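As a basis for the values below, the full set of heavy atoms in this structure was taken, side chains included, without hydrogen atoms, waters or symmetry mates. Given the structure is predicted, the values throughout are model-derived calculations rather than measurements. Ligands are counted one by one from 1 in listed order, and the atoms in each one are counted from 1 as well.
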Amino acid sequence: MKTFKILPVLIAIGLYSTSCSVSKNIRASLNKTKWIHGAANCKQNKDEAIQVVQLNTNTWILRQNKCINYEAPFMFLFAGEKKALLMDTGATEDSSLFPLYETVAKLLTPTAKAGSRALELIVAHTHAHGDHIAGDIQFKNKPNTKVVGLNVEDVTSVFNIKNWPVENGSIDLGNRLLEIIPIPGHQQASIAVYDTETNILLTGDSFYPGRLYIRDWPAFVVSTQRLLDFATNHKVSYLLGNHIEMTTTPGKDYVTGTTYQPDEHALPLKITELAELNNALKKLGDKPAKETHDSFIIYPK
Ligand SMILES: [Zn+2]
Ligand SMILES: [Zn+2]
């Protein structure tokens, strides 16, 4: 019964999200999660604009509805004792269609009105492409909120990366450390994010079940080796990218731009699949080529 006496206090000082002793346990099995996946007729789609899956007491995965934007990117929210970190802001600016700020504020302040939360919110990005930054505008000029810029310099500054891209950085949210691994290649400011609490490793658009668009081939090859080295030297619960474009049929992807994906591949990929990508890149050497694998497609641009 003591819990009932201390709980309001914890909520009041903004520690609600980290107060539970089971916070380190991941609740959701992401290999079985049913994500919203658009509709054959979007006019009749009744799904929420943003699906929220709670991974543990202070970690959430959000997915944008494909009927709002076909990219349907994932976004990730981590709360510590002092700060919260939102990785990515989705593909749509308009808060009436895509109420991301409101959704995040409610998650961080479950019992108070949005805007009165105690945690400082840092909004950063897995990389600077439009489908991951469009919602930034909703967070600008909001109280206790900082939106990180899109250049490499902005990223190295906020995550304290001394020597991009060969050294990692980190951010402490208050009794919760996240490590940041530079992985340029898909985009020049691409990073991976490792949460030491849940052990999830975010891989952005650099590694996900879909078309891995590679703009800087030599950088991508080096970054993939760096990411694999990190993943094999750390405990990883899930490798999580930013999109799903593959179907459950090995090697088969959805058509670009589709708003309906009823038979999606699971979001998490395996370290063995990251090793498969790394090996394939090594074999291709300095000759970029499209190559279809069961759960991803190497796609030089
Ligand atoms: Zn991208
Ligand atoms: Zn993307």
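The ring-ring contact (aromatic ring centres under 6.0 Å, His included) analysis of residues 166-204, with sequence neighbours excluded, yields the pairs His127-His186, His129-His186, Tyr194-Phe230, Tyr194-His234.
For the Zn ion (ligand 1), protein N, O or S atoms closer than 2.8 Å were enumerated as His127 NE2, His129 ND1, His186 NE2, Asp205 OD2, with waters left out.
Using a 4.0 Å cut-off between a side-chain N of Lys or Arg and a carboxylate O of Asp or Glu, Asp172 and Lys82 do not qualify as a salt bridge.
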Show me the donor-acceptor pairs, under 3.5 Å and distance only, between side chains in residues 29-44 and residues at least two apart or in other chains.
unit_1	atom_1	unit_2	atom_2	d
Thr33	OG1	Ser29	O	3.0
His37	ND1	Trp35	O	3.0
Asn41	OD1	Lys43	N	3.0

For residues 284-291, please give each side-chain donor-acceptor pair under 3.5 Å, one per line with the distance, not counting sequence neighbours.
unit_1	atom_1	unit_2	atom_2	d
Glu291	OE2	His293	NE2	2.7

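His243 has its closest N, O or S atom to the Zn ion (ligand 2) at the position named NE2.
Between the side chains of Asp131 and Asn69, no donor-acceptor pair of N or O atoms lies under 3.5 Å.
In this structure, the side chain of Thr224 does not engage the main chain of Val222 through any donor-acceptor pair within 3.5 Å.
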